[in-house]
Q: 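Please see the structure below; I have some questions.
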Amino acid sequence: MHDYNPSLIETKWQQYWQDKKVFKTPENSEQPKYYVLDMFPYPSGSGLHVGHPEGYTATDIIARYKRMCGFNVLHPIGWDAFGLPAEQYAIKTGTHPRETTQKNIKRFREQLQMLGFSYDWDREVNTTDPDYYRWTQWIFLKLYEKGLAYQDEVPVNWCPKLGTVLANEEVVDGKSEVGGFPVVRKPMRQWMLKITDYAEQLLDDLDELDWPESTKEMQRNWIGRSIGAEIEFQIVGHEESLRVFTTRPDTLFGATYMVLAPEHHLTEELTTGENKNRVEQYRKNAALKSDLERQELSKEKTGVFTGSYAINPVNNKKIPIWVADYVLAHYGTGAIMAVPGQDERDWEFAEKYDLPIIRTVSTPGNFEGKAFTGHGVVMNSEFMNGLNVEDAKVSIIQWLEKNGAGKKSVNFKLRDWLFSRQRYWGEPFPIIHVEGKPKPLPEEELPVTLPEVDDFLPTQSGEPPLAKAKEWIKTTDPETCQPAIRETNTMPQWAGSCWYYLRYISPDFEGGPVEKSKENYWMPVDLYVGGSEHSVLHLLYARFWHKVLYDCGVVSTKEPFKKLVHQGMILGELEYTAYKKHGEYIKPEEALEKEDVEKIKLSEKDVEKRGESFVLKGTDIQIDARAYKMSKSRGNVINPDDIVKSYGSDALRLYEMFMGPLEQVKPWSTKGVEGVYRFLGRVWRLLIDDSTGELRRVVHSDEPDQKQMKTLHEAIKKVTNDIEEMRFNTAISALMIFVNEANQWKDLPIEVIKPFLLILSPFAPHLAEELWNRLGHSETLAYENWPELNEEYLKEETVMYPVQVNGKVRGEVYISSDKSGQKDFVLEKAKKQENVQRYLDGSQIVKEIYVPGKIVNIVVKN
RNA sequence: GCCUCGGUGGCGGAAUUGGUAGACGCGUUGGACUUAAAAUCCAAUUCGGGUCGAAACCCGAGUGCCGGUUCGAGUCCGGCCCGAGGUACCA
């Protein structure tokens with residue numbers, strides 16, 4: 001038998017590509033460049049899952065396509081290999097994280113190679129390699145030099161069990177995202193990066209990026225610029241004044257009380273004797289709670305009066321100062337002027353504690369709510385009465401500035417980036433402490449490598465594991481030869497992924513993170529593909545570093561990633577589930593309370609659709625039909641290795657692209673893989689006689705006929721456009737249509753088959769190479785010219801016009817192409833069409849619509 | 001609550017600017033080949049209806065629901081329902 005045998009073909013071509021270094025990145029050429037980048041993976045112990053090849057296949061198709069279009073393509077891969085899992089495994093088993101990481105990388109590399117991606121494997125980067133993190137440390141030095149790195153005592157999320165500090169985003173429901181251990185707040189010495197210095201730029205430069213609007217919007221919201229004013233309130237009987245930020249300075253006349261965050265530095269001072277105990281108690285309670293608990297428990301607002309009063313600068317009224325935890329210490333100035341009339345939170349609080357409410361914006365006639373946050377005419381505000389809100393803002397800011405009571409102000413939600421971790425498996429900081437003061441190491445001292453330790457646990461007090469490397473810690477200041485102590489914190493996983501796209505450009509360069517001339521050529525990244533879970537953090541941090549490097553003259557572009565696309569998640573296979581309670585079937589929506597509910601998995605054959613929902617076949621019993629996120633616990637994980645074993649990697653690649661639009665969430669279907677596998681088999685048998693294994697005799701070198709050229713060029717057109725637009729599912733359908741057509745031909749002109757193999761090759765590279773080779777080529781097709789579309793072949797001899805009467809299709813007419821543009825001729829013929837006539841009979845024609853090449857519509861009246 | 005995305009056959013999806021809704025694939029059904037099965041190939045397949053049946057053809061309904069604009073709406077506008085993801089007192 002000489003059937004399509006992917007495992008044979010695929011290993012053969014993977015070997016060929018590797019041996020001949022077919023995908024080595026071309027250097028020093030006059031040709032245009034294209035940099036297509038995948039978000040590099042964290043090499044986890046469980047290996048590749050089917051989600052990885054989705055984005056990777058998409059970029060691989062683009063890379064192969066661009067090469068054939070004459071671009072120099074940079075298409076690299078590497079490993080984001082620092083991270084907690086390897087460290088936790090080390091704590092459990094004593095295996096050094098380096099060993100685990102190397103093992104996992106090897107597995108990942110093999111798996112990726114097995115899928116036939118056209119990476120330049122000579123450019124692999126690994127964030128844990130000292131030759132790599134040397135430059136991560138170098139960039140940190142730049143940040144430090146620019147005053148963008150500083151130390152601070154910060155109350156952080158301390159997880160005693162993991163022995164590490166977690167970022168807010170790593171804490172879920174008051175527990176660590178990894179492991180689910182409790183998290184408490186604890187002040188600790190930390191390194192911070194001043195990303196806030198770049199807030200404005202990070203926001204403004206989003207506008208020009210070819211990114212999904214939703215991602216840009218998320219970053220905008222995260223940065224959270226709001227424009228308003230800072231207002232200064234004098235405090236009765238105190239020297240100090242209270243500064244607040246507000247986006248609604250126009251409502252100043254309606255400010256009837258003030259609120260401080262419990263952590264506000266003036267809280268203690270402003271609390272008068274009789275209130276001391278209650279305020280102290282309130283602050284203590286607030287401090288004990290994590291951010292999350294505070295939010296959860298504060299559905300009902302709470303607060304206490306300090307006993308002090310502030311003076312509203314605009315009318316000199318005395319207003320009470322309260323402490324409440326609905327005001328956040330880290331946003332704005334940590335204090336607010338409360339305007340219950342125009343703010344729902346303030347209204348709620350004022351109602352509860354019986355504080356005065358003054359409306360300063362007139363409410364619409366039908367308004368029944370409490371606080372009115374909309375726009376309208378200002379009232380109860382003396383000189384601003386009658387203005388609209390926008391004008392009132394301008395007016396009050398002028399007044400504040402004139403009277404020295406405040407000024408216009410812009411505030412950001414974005415906070416500085418907590419940049420240190422108490423872990424072993426991360427980049428050491430290039431910092432020493434001399435006489436208790438931090439000092440950067442000179443560049444020549446890099447890299448500061450991780451010390452060998454045999455115990456990866458942090459100390460009881462929360463000192464990082466590096467504190468246990470007693471020899472390593474003790475060092476001397478290379479400049480002054482004074483004794484010094486090394487920094488024992490390490491950098492977070494984000495550090496290495498903030499700039500890896502630059503290292504690919506010159507992975508072995510010794511003179512800096514990236515070689516200038518090459519950076520100039522290759523940057524920016526033309527296409528970046530990765531999951532939307534990185535919409536904010538990774539993509540914002542990387543943009544921040546890039547902008548710093550731009551200011552340092554290291555890179556030549558303001559933004560790193562020109563175009564960004566997120567691949568959608570692949571869910572598990574569709575599941576049909578019936579629910580039983582005490583032996584009786586129940587409705588799916590009743591199954592939510594878990595006790596006693598029995599789940600029964602059903603196959604497709606057991607169910608049918610009735611109306612809106614699915615039921616058990618032949619009954620009225622409603623069942624659930626959904627696809628779930630793949631997870632080990634659910635047991636619906638698909639392993640790419642198994643798919644490759646059964647159907648080959650061309651089939652896996654093709655299927656993942658055929659499932660649906662790249663960006664969309666889609667359920668897996670192994671039957672669907674079989675479908676594309678059958679398609680690849682048909683391609684094989686189109687050219688190969690499966691009884692002899694030889695080229696079929698119908699393959700010949702005679703001139704193709706018009707019809708064949710038309711079929712070919714239709715495919716070229718569709719596939720080319722669809723690749724450009726990254727609509728791979730419809731491109732594949734066009735390839736299928738071609739094969740379905742070609743299968744009916746009596747002969748197969750080689751001049752039609754060759755371009756077809758070329759347009760197939762980005763999708764199914766192994767099969768395409770094999771058949772290309774069997775057509776007599778000894779070289780790879782990877783650098784053949786992409787077939788050019790010739791519109792001439794697409795011309796139709798006749799054009800079919802659907803004919804509508806009153807918007808309903810009643811017939812169709814065929815018009816020869818040369819007459820298709822003649823309105824009267826087409827209409828005449830349309831009206832004569834037999835079935836159309838039936839509808840025109842006895843009616844009066846009111847209007848005739850003719851859309852050239854598309855449709856005819858005749859509007860009639862009886 | 002807010003923000004974002006989405007809702008089209010039994011299923012995944014297609015319809016590029018408003019112009020024949022359902023391409024392509026899966027599944028299902030029937031047929032061919034085979035001793036038989038698998039594989040493969042061919043045909044049918046939105047739902048309902050019309051002629052004894054079949055083919056061909058025709059009619060009606062149909063893109064979450066209600067309404068609007070238009071000769072014509074899956075596509076545009078208004079209102080609503082449902083699902084997914086994100087977010088959380090940001091003054």
Side-chain angles (χ1 to χ4, degrees), chain A residues 1 3 212-215 217-218 221-222 224 226 228 244-248 251 259 291-292 294-296 298-299 301 324-328 330-333 335-339 342-346 348-349 411-415 532-533 535-536 568-569 571 574 604-605 607-609 612 614 625-627 655 658-661 663-676 678-679 681-682 685 690 718 721-722 725 727 729-730 732-737 740 743 800-812 835 838 846-849 851 853-860:
Chain A
M1 285 306 272
D3 277 341
E213 242 354 275
S214 58
T215 305
E217 198 53 29
M218 279 170 82
N221 294 339
W222 191 269
S226 40
V244 301
F245 172 77
T246 177
T247 53
R248 295 292 302 275
T251 62
V259 184
D291 271 0
L292 253 140
R294 262 166 74 163
Q295 286 150 21
E296 274 171 15
S298 62
K299 278 168 192 149
K301 296 206 172 359
D325 63 5
Y326 81 91
V327 171
L328 306 175
H330 51 68
Y331 183 75
T333 63
I336 61 154
M337 63 178 211
V339 189
Q342 267 70 236
D343 186 287
E344 281 157 9
R345 297 157 295 181
D346 295 346
E348 198 186 318
F349 192 81
N411 202 46
F412 291 95
K413 210 159 101 184
L414 183 70
R415 280 186 264 165
S532 57
E533 65 273 22
S535 287
V536 177
M569 202 191 337
L571 304 175
L574 188 66
E604 215 185 320
K605 287 188 176 117
V607 303
E608 63 183 335
K609 192 149 189 188
E612 289 295 281
F614 279 91
R626 318 182 17 185
Y655 173 65
F658 188 59
M659 294 172 86
E663 304 83 350
Q664 201 166 299
V665 177
K666 331 162 254 279
W668 180 266
S669 154
T670 299
K671 283 282 182 199
V673 185
E674 278 174 33
V676 295
R678 278 199 283 266
F679 163 69
R682 276 200 294 278
R685 288 188 303 274
D690 57 359
K718 185 86 179 124
N721 287 343
D722 284 351
E725 309 275 320
R727 289 192 308 236
N729 53 332
T730 48
I732 292 166
S733 123
L735 293 167
M736 288 172 168
I737 291 169
N740 290 348
N743 255 323
M800 193 275 284
Y801 279 87
V803 183
Q804 298 183 332
V805 178
N806 286 345
K808 295 202 168 179
V809 180
R810 297 302 182 189
E812 29 189 61
N835 199 47
R838 288 173 39 206
V846 199
K847 200 169 178 184
E848 294 170 341
I849 310 279
V851 185
K854 292 268 185 192
I855 205 164
V856 168
N857 188 8
I858 297 160
V859 187
V860 298

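Throughout, protein chains are lettered first and strands after them, A, B, ... in sequence-line order, and every chain is numbered starting at 1. When reading the values below, keep in mind they use all heavy atoms of this one structure, side chains included, and skip hydrogens, waters and symmetry mates. All values derive from a computational prediction rather than experimental measurement.
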Q: Output all residues satisfying side-chain contact (heavy atoms from CB on, under 4.5 Å) with A:N221, sequence neighbours left out; order by chain, then residue number.
A: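 For A:N221, the residues satisfying side-chain contact (heavy atoms from CB on, under 4.5 Å) (neighbours in sequence not counted) are A:E217.
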Q: Once side-chain contact (heavy atoms from CB on, under 4.5 Å) is applied, do any residues pair with A:R727, and if so which ones, sequence neighbours excluded?
A: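 Counting only residues at least two positions away or on another chain, A:R727 forms a side-chain contact (heavy atoms from CB on, under 4.5 Å) with A:D722, A:E725, A:N729, A:T730.
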Q: For the CD atom on A:E344, are there more than 12 heavy atoms of other groups (residues, nucleotides or ligands in this structure) within a distance under 6.0 Å?
A: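 No - once you tally the heavy atoms of other residues, nucleotides and ligands closer than 6.0 Å, there are 12 at most.
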Q: For RNA chain B, what dot-bracket results from Watson-Crick or G-U pairs at under 3.5 Å, with [ ] for crossers and | for inter-strand partners?
A: (((((((..(((......[....)))((((((.......))))))(((((......)))))..(((((..]....))))))))))))....
Q: Listed by chain and number, what are the side-chain contact (heavy atoms from CB on, under 4.5 Å) partners of A:N740, not counting sequence neighbours?
A: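 A:R682.
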Q: B:A23 and B:C77: how far apart are their P atoms, nearest whole angstrom?
A: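 My reading of the P atoms in B:A23 and B:C77 gives 28 Å.
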Q: With heavy-atom distances below 4.5 Å as the criterion, would you say the side chains of A:V860 and A:N806 are in contact?
A: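 A:V860 reaches A:N806 side chain to side chain.
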Q: Would you mind classifying the nucleic acid contact of A:S226 as base, sugar-phosphate or nothing, using non-hydrogen atoms under 4.0 angstrom?
A: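 Sugar-phosphate, backbone atoms only, no base.
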Q: Taking for each residue the nucleotide of RNA chain B with the nearest heavy atom, is it A:G672 or A:T730 whose nucleotide lies nearer the 5' end?
A: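 Mapping each residue to its closest nucleotide by heavy atoms, the 5'-most match is A:T730.
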Q: Checking contacts here: which listed nucleotide (B:U4, B:U20, B:U17) is nearest the side-chain heavy atoms of A:S214?
A: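 Closest of the options to the side chain of A:S214: B:U4.
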Q: I'd like the P distance from B:C58 over to B:G22, given in whole Å.
A: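 Those two atoms are separated by 14 Å.
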Q: Heavy atoms under 4.0 Å is the rule here; annotate nucleotides 57-71 of chain B 5' to 3' with B where the base is hit, S where only the sugar-phosphate is, and - elsewhere.
A: -SSSS---------B
Q: Atom CG of A:L735 and atom P of B:A23: how far apart are they, to the nearest Å?
A: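 Those two atoms, CG and P, are 18 Å apart.
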Q: Go through the structure and list residues passing salt bridge (Lys or Arg N to Asp or Glu O under 4.0 Å) with A:D346, not counting sequence neighbours.
A: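 Per chain and number, A:D346 pairs via salt bridge (Lys or Arg N to Asp or Glu O under 4.0 Å) with no residue.
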Q: With C1' as the reference atom in both, quote the distance from B:C59 to B:U51 in angstrom, rounded to an integer.
A: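 Here B:C59 and B:U51 have their C1' atoms 13 Å from each other.
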Q: Taking the minimum atom-to-atom distance to the side chain of A:N221, which one of B:A91, B:C24, B:C3 wins?
A: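 It is B:C3.
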Q: Within this structure, what is the CG-to-P distance between A:D722 and B:A23, rounded to whole angstrom?
A: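 Result: 17 Å.
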Q: What is the distance, to the nearest angstrom, from the CD atom on A:E812 to the P atom on B:U20?
A: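 Interatomic distance, CD of A:E812 to P of B:U20: 12 Å.
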Q: Using the test salt bridge (Lys or Arg N to Asp or Glu O under 4.0 Å), find all partners of A:R248 that sit at least two apart in sequence or belong to another chain.
A: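 If we apply the salt bridge (Lys or Arg N to Asp or Glu O under 4.0 Å) test to A:R248, skipping adjacent residues, the hits are A:D250.
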Q: Could you work out, with side-chain contact (heavy atoms from CB on, under 4.5 Å) as the rule, every residue matching A:M218, not counting sequence neighbours?
A: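 Expected list: A:S535, A:V536.
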Q: Scan A:G675 against the nucleic acid and name what it touches under 4.0 Å (heavy atoms): base, sugar-phosphate only, or nothing.
A: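 If one applies the 4.0 Å heavy-atom cut-off, A:G675 turns out to touch the sugar-phosphate alone, with no base involved.
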Q: Please state how far atom NZ in A:K718 lies from atom P in B:A14, giving the value in whole angstrom units.
A: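 Atom-to-atom, A:K718 to B:A14, this comes out as 10 Å.
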Q: Nearest whole angstrom, please: distance from the P of B:G1 to the CD of A:E344.
A: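 Whole-Å distance recorded here is 13 Å.
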Q: On a whole-Å scale, what distance lies between the C1' atoms belonging to B:A84 and B:G67?
A: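 Approximately 27 Å lies between the C1' atom of B:A84 and that of B:G67.
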Q: Report the glycosidic orientation of B:G25: syn if within 90° of 0, anti in every other case.
A: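 Anti for B:G25; the angle lies over 90° from 0.
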Q: Suppose you measure atom C1' in B:G74 against the same atom in B:A88; what distance do you get, rounded to whole Å?
A: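 These two C1' atoms come out 35 Å apart once rounded.
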Q: Taking the side chain as every heavy atom from C-beta outward, state whether A:K666 and A:L571 have any atom pair closer than 4.5 Å.
A: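 No; the side chains remain at least 4.5 Å from each other.
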Q: For nucleotides 11-13 of chain B, list the nitrogen or oxygen atoms of the protein found under 3.5 Å from its nitrogen or oxygen atoms, one pair per line.
A:
{"from": "B:C11", "atom 1": "OP1", "to": "A:K609", "atom 2": "NZ", "distance (Å)": "3.3"}
{"from": "B:G12", "atom 1": "O2'", "to": "A:M659", "atom 2": "O", "distance (Å)": "2.6"}
{"from": "B:G13", "atom 1": "OP1", "to": "A:Q664", "atom 2": "NE2", "distance (Å)": "2.8"}

Q: Of all the nucleotides listed (B:U16, B:C26, B:G19), which has the minimum atom distance to the side chain of A:K671?
A: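 Output: B:C26.
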Q: Using the ring-ring contact (aromatic ring centres under 6.0 Å, His included) criterion, which residues pair with A:Y655? Sequence neighbours excluded.
A: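 ring-ring contact (aromatic ring centres under 6.0 Å, His included) check on A:Y655 returns A:W668.
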Q: Answer whether the closest heavy-atom distance between the side chains of A:K854 and A:Y801 falls below 4.5 Å.
A: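 Counting from C-beta outward, A:K854 and A:Y801 never come under 4.5 Å.
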Q: I'd like the P distance from B:G78 over to B:U4, given in whole Å.
A: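 Each nucleotide's P atom is 14 Å from the other's.
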Q: Show me the protein contacts with nucleotides 36-45 of chain B, counting only N or O atoms at under 3.5 Å.
A:
{"from": "B:U40", "atom 1": "O3'", "to": "A:R685", "atom 2": "NH2", "distance (Å)": "3.3"}

Q: Just so I know, are the side chains of A:F412 and A:S226 near enough to count as touching, which here means a heavy-atom distance under 4.5 Å?
A: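 Not touching, per the 4.5 Å side-chain cut-off.
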Q: Report the distance from atom CZ of A:F679 to atom P of B:A23, rounded to the nearest whole Å.
A: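 That distance rounds to 18 Å.
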Q: Should A:V856 and A:E848 be marked as a side-chain contact (heavy atoms from CB on, under 4.5 Å) after you check the CA-CA gap, both sets of side-chain angles, and the distance that decides it?
A: CA-CA 8 Å; A:V856 168; A:E848 294 170 341; over 6 Å; no
Q: Starting the side chain at C-beta, find the nucleotide from B:C24, B:A91, B:U17 nearest to A:T247.
A: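 Of the options given, the side chain of A:T247 lies nearest B:A91.
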Q: Taking only residues two or more places apart in sequence, or in another chain, which ones meet A:Y331 in a ring-ring contact (aromatic ring centres under 6.0 Å, His included)?
A: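 A:Y331: no ring-ring contact (aromatic ring centres under 6.0 Å, His included) contacts found.
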Q: When the C1' atoms of B:U69 and B:G30 are considered, how many whole Å apart are they?
A: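 The same atom, C1', in both gives a distance of 47 Å.
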Q: Would you indicate whether the side-chain heavy atoms of A:I858 and A:Q804 approach each other to under 4.5 Å?
A: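 No. Closest side-chain heavy atoms not under 4.5 Å.
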Q: Please give the distance between the P atoms of B:A44 and B:G25 as a whole number of Å.
A: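 Roughly 13 Å separates the two P atoms.
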Q: Would A:K301 count as a cation-pi partner of A:Y326, with NZ or CZ less than 6.0 Å from the six-membered ring centre and within 45° of the ring normal?
A: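 Because its charged atom sits under 6.0 Å from the ring centre and within 45° of the axis, A:K301 does stack over A:Y326.
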Q: Nearest whole Å is fine: how far is B:A91 P from A:F412 CZ?
A: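 It works out to 12 Å between those atoms.
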Q: Starting from P on B:G86, measure out to CH2 on A:W222 and report it in whole angstrom.
A: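 Taking CH2 of A:W222 and P of B:G86, I get 12 Å after rounding.
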